[in-house]
Number of protein chains: 2
Amino acid sequence: MSVSFAGLDDRRANRRVTIKDVADALGLTKSTVSRAMNGYPDISEATQLRVKRMAEKMSYHPLSHAQAIKTGRTRSLGLVLQLSDHDAQRPFLAEFLAGLSAGASSEGWTLTVAASDSHDDMIRTFQALLRDGKADGFILPRAMIEDPRVALLRDANVPFVLFGRQNDTAGCAWFDVLGEEAMRDAVMHLASLGHRRIGFINGGMKYAYASLREAGFIQGMQDAGLAIDPNLIGQNAVTQADGARVATKILTQQKPPTAIVCAVDFAALGVYRAASECGLRIGHDLSVVAYDGIPEGAHAQPPLTTFSVDNRAAGIRLSTLLIRRIRGEDLATLRETVSAQFVDRGSTGPVPTMN
Amino acid sequence: MSVSFAGLDDRRANRRVTIKDVADALGLTKSTVSRAMNGYPDISEATQLRVKRMAEKMSYHPLSHAQAIKTGRTRSLGLVLQLSDHDAQRPFLAEFLAGLSAGASSEGWTLTVAASDSHDDMIRTFQALLRDGKADGFILPRAMIEDPRVALLRDANVPFVLFGRQNDTAGCAWFDVLGEEAMRDAVMHLASLGHRRIGFINGGMKYAYASLREAGFIQGMQDAGLAIDPNLIGQNAVTQADGARVATKILTQQKPPTAIVCAVDFAALGVYRAASECGLRIGHDLSVVAYDGIPEGAHAQPPLTTFSVDNRAAGIRLSTLLIRRIRGEDLATLRETVSAQFVDRGSTGPVPTMN
DNA sequence: CTGATTTCCGAAACCGGTTTCGGCAAGTGT
DNA sequence: ACACTTGCCGAAACCGGTTTCGGAAATCAG
């Protein structure tokens with residue numbers, strides 16, 4: 001074993017810099033440094049500044065798990081993906097994660113992701129994450145009408161934020177895009193083109209968004225002074241195949257619609273297929289407006305007119321809201337909604353003339 | 001303030017059970033419990049069993065961040081997504097994450113995910129994650145020929161595992177699907193159908209997979225005794241648009257091919273479009289074999305013949321390998337490859353007869 | 001039966017932070 | 001000039017684990 005002189009610095013030089021190092025460099029104690037770093041009021045401004053400068057200079061970064069042992073918080077956001085969910089969410093995943101990560105890391109937080117393949121597995125996953133203190137709060141994508149995640153976390157008194165809105169708002173913070181507004185605007189747009197028989201193909205009815213978008217569609221029909229034909233309304237279409245099936249049913253009615261509003265882009269692509277099989281040209285014989293803004297829509301023939309959602313921005317907002325929620329901010333200030341962006345492409349046109 | 005009798009248990013009953021609780025319940029010290037839980041050799045088997053039983057009974061789970069303070073390890077795997085990457089990776093993301101999560105959680109580990117939007121941002125992200133001890137090792141999807149992530153982590157002496165293989169194998173563990181084998185088999189399959197002029201559309205050349213698949217294509221052509229025409233080879237096609245562009249170029253040659261092998265499914269969908277514009281029917285006038293197994297391929301007209309990759313399984317293997325790597329297992333045992341699965345659908349057919 | 005090893009476990013230090021408590025010095029009121 | 005605050009910081013306990021060290025009891029060799 002090598003004998004070092006006075007043991008001044010025999011440990012390897014590149015070991016991590018701790019709070020003790022900062023304290024020593026300033027002739028303070030680590031308690032003072034800790035309080036200065038965390039902005040406690042019983043530290044003079046001068047000292048606080050000195051400490052923060054030195055911390056910066058020495059590039060001191062407290063270990064979140066060392067803090068967690070006392071504070072119980074890891075500075076980590078939890079996200080549990082549900083794969084049983086329809087594929088329609090997958091194209092958004094990368095953007096969404098990018099947003100969450102960006103929002104989190106801008107505040108020095110990280111993202112802990114887990115996947116579950118069944119309802120029970122999902123519950124277990126949440127519980128394991130909580131038990132191990134792996135997340136200080138959760139982002140819940142795709143709010144459901146009856147959401148077991150909300151029940152679980154509310155009971156456990158764990159902060160969370162919804163992507164989507166819920167009826168039972170107690171304890172819920174959220175971010176959402178106003179799908180109902182988009183659906184209403186879609187109808188108004190079609191009505192302004194002369195359409196009077198307008199169909200509606202909704203998404204998964206267990207999700208909160210479906211009720212909202214349906215309400216928006218109905219509202220739009222009323223505002224436009226149009227009658228709603230129940231035969232022109234379909235549900236639970238979240239894939240292209242779903243959309244094609246439902247659309248075929250609607251288009252083969254006695255009095256088919258001249259336009260269809262879809263709650264989900266993928267369903268609209270199914271409408272394209274169904275229309276083609278019925279010999280209808282999209283944008284001429286049949287107008288379509290949808291919602292989501294998937295890339296495939298832009299490349300479809302004709303390009304799909306839709307209401308686009310910025311999932312990256314949503315991720316950023318959600319992580320920011322959750323962090324504020326964890327920090328104890330008031331719920332009322334943690335509820336945000338934005339409008340979807342109308343992207344007018346080629347799948348709509350004036351109502352076809354009878355012949 | 002309420003005065004409690006003897007202070008026996010005045011704290012709320014549902015506080016987390018700690019190692020001390022287990023120790024007390026057994027009349028042991030926490031050091032003994034710790035060593036028993038971690039399988040140290042200086043604990044009698046009888047005691048170890050007693051401890052583990054009691055831990056189970058009391059549902060004691062050590063806090064990973066409390067352990068980390070001493071061990072430096074959080075039981076967490078890191079994944080840094082690169083969004084500058086082409087979209088072709090996105091459809092796989094959900095499956096891949098599910099696999100990673102499954103593999104990790106089966107060993108009691110978790111997944112920390114971050115996203116980066118530029119090369120510099122990526123480097124910073126890795127460094128921040130390391131500095132904060134947020135990950136004990138990393139999964140590196142899409143191995144690149146010159147991979148800055150490998151350089152970084154190798155220098156920092158941080159465990160990692162590649163999805164893909166690298167030329168510079170020093171310090172690299174990996175899991176990969178044998179793309180070169182698939183490309184060779186694709187050629188052989190087409191040759192057995194009588195095709196002699198076979199084109200090849202490769203993917204992103206900065207990725208390791210592209211060289212391998214190209215080598216596989218060449219090998220296949222040689223094995224089949226076919227000549228390679230450089231005019232029938234294209235590169236860097238990872239999206240449908242790329243594929244269409246490259247395919248158009250190839251199909252408008254003097255002597256166009258009767259079949260095309262694509263390194264990437266998305267490119268193949270572009271070939272569909274280009275072929276349709278050239279008046280060629282896929283599966284009749286032009287055969288196509290691709291690679292990846294994206295869902296869109298199954299729904300294309302005709303359904304795309306391809307080599308399918310199980311990204312969920314890949315995720316499971318990768319997380320398992322990384323955990324073993326972190327535990328110090330020998331590199332030589334941490335290199336796995338599997339074959340892609342041939343899915344023979346409708347995009348191939350016998351070579352068209354001249355007319 | 002004795003001395004030397006092992007075997008097994010407890011005591012205590014430690015990891016890197018946070019937080020409680022208390023005390024010194026300066027400021028305030030009279 | 002004196003008691004009383006107030007502002008600011010150090011000392012030490014604490015969080016929930018891991019690890020070093022040492023010692024008692026059990027085992028072994030002779």
Side-chain angles (χ1 to χ4, degrees), chain A residues 1 7 11-12 15-52 54-55 58-76 108 131-134 136 327, chain B residues 1 7 11-12 15-52 54-55 58-76 108 131-134 136 327:
Chain A
M1 182 185 286
R11 36 191 48 147
R12 61 188 193 288
R15 65 174 247 285
R16 99 167 14 261
V17 26
T18 72
I19 196 172
K20 184 77 167 43
D21 299 326
V22 178
D24 289 351
L26 289 168
L28 296 171
T29 61
K30 45 182 200 158
S31 49
T32 303
V33 173
S34 172
R35 280 172 299 193
M37 293 294 292
N38 295 309
Y40 277 52
D42 61 343
I43 297 292
S44 74
E45 284 208 21
T47 306
Q48 181 176 119
L49 208 64
R50 251 184 356 127
V51 168
K52 286 190 171 169
M54 180 58 81
M58 301 176 71
S59 73
Y60 162 66
H61 297 268
L63 280 174
S64 62
H65 53 256
Q67 313 187 135
I69 196 182
K70 187 82 180 150
T71 65
R73 296 217 301 244
T74 312
R75 287 206 307 270
S76 150
R131 157 166 61 64
D132 298 345
K134 289 287 197 168
D136 304 333
R327 287 183 178 150
Chain B
M1 181 187 287
R11 35 188 50 147
R12 63 188 193 286
R15 65 175 246 286
R16 101 170 9 262
V17 26
T18 74
I19 195 171
K20 185 75 168 39
D21 299 327
V22 178
D24 288 351
L26 289 167
L28 296 172
T29 61
K30 46 182 199 157
S31 49
T32 303
V33 173
S34 172
R35 279 171 299 194
M37 293 294 291
N38 295 309
Y40 277 52
D42 62 343
I43 297 292
S44 75
E45 284 208 22
T47 308
Q48 180 175 117
L49 208 64
R50 254 190 346 133
V51 168
K52 287 189 171 171
M54 181 57 80
M58 301 176 70
S59 73
Y60 163 67
H61 298 269
L63 279 174
S64 63
H65 53 257
Q67 313 188 126
I69 196 183
K70 188 83 179 146
T71 65
R73 295 217 302 244
T74 312
R75 286 206 307 270
S76 149
R131 159 166 60 65
D132 297 346
K134 289 287 197 169
D136 303 333
R327 287 183 178 149

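Chain letters run A, B, ... following the sequence lines, proteins first and then strands; every chain starts at 1.
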With B:R50 via salt bridge (Lys or Arg N to Asp or Glu O under 4.0 Å) - residues at least two apart | none
Write down the distance between CG (B:L63) and P (C:dT18), rounded to a whole number of angstrom.
-> 17 Å
For A:T32, the side chain to side chain donor-acceptor pair (under 3.5 Å) test, sequence neighbours excluded, returns A:T29
B:R16 CZ to B:L63 CG distance, which is reported to the nearest 0.5 Å = 4.0 Å
Which residue pairs pass the salt bridge (Lys or Arg N to Asp or Glu O under 4.0 Å) test when at least one of the two sits in residues 22-33 of chain A, sequence neighbours left out?
-> A:K20-A:D24
Quick one: side chain to side chain donor-acceptor pair (under 3.5 Å) partners of B:S76, sequence neighbours excluded?
-> B:T112
d(CG, B:D132; P, C:dG16) in whole Å = 15 Å
Given atom CZ of B:R73 and atom P of D:dG17, what is their separation to the nearest angstrom?
-> 17 Å
For the pair made of CZ in B:R75 and C1' in D:dT18, what is the distance, rounded to whole Å?
-> 13 Å
Rounding to a whole Å, what distance do you find between A:I43:CD1 and C:dT19:C1'?
-> 12 Å
Tell me, which pairs form a salt bridge (Lys or Arg N to Asp or Glu O under 4.0 Å) where one or both residues lie in residues 32-43 of chain A, sequence neighbours left out?
-> A:R35-A:D42
Overall bend - the helix from C:dC1-D:dG30 to C:dT30-D:dA1, comparing terminal axes fitted on five pairs, nearest 10 degrees = 30°
A:L49 CG - D:dC8 P separation (whole Å) = 14 Å
When we call it a touch if two heavy atoms are under 4.0 Å apart, what does B:G133 touch: a base, just sugar-phosphate, or nothing?
-> nothing
What are the residues of residues 28-40 of chain B, sorted by number, that bring a heavy atom to within less than 4.0 Å of DNA chain C?
-> B:L28, B:T29, B:S31, B:T32, B:R35
Does B:S44 place a side-chain N or O at less than 4.0 Å from the phosphate oxygens OP1/OP2 of C:dC9?
-> yes
Contact under 4.0 Å: A:Y60 side-chain N or O vs C:dG16 OP1/OP2 = no
Rounded to the nearest Å, what distance is computed from the NZ atom of residue A:K20 to the P atom of nucleotide C:dA13?
-> 17 Å
When you measure from the side chain of B:T74 to the backbone N and O of B:G133, does any donor-acceptor pair fall under 3.5 Å?
-> yes
Could you name each residue pair satisfying side chain to side chain donor-acceptor pair (under 3.5 Å) that touches residues 59-71 of chain A, not counting sequence neighbours?
-> A:H61-B:R131, A:S64-B:K134
Mind calculating the distance between CG (B:D42) and P (D:dT18) to the nearest angstrom?
-> 14 Å
Taking only heavy atoms on the protein side, list every residue of residues 65-72 of chain B lying under 4.0 Å from any atom of DNA chain D, sorted numerically.
-> B:A66, B:Q67, B:I69, B:K70, B:T71
Applying salt bridge (Lys or Arg N to Asp or Glu O under 4.0 Å), name anything that partners B:D21, two or more places apart in sequence or on another chain.
-> B:R15
Approximate separation, where rounding is to 0.5 Å, of A:I69 CD1 and B:I69 CD1 | 4.5 Å
For B:S34, check side chain to side chain contact (heavy atoms under 4.5 Å, CB included) against everything at least two apart and list the hits.
-> B:I19, B:N38
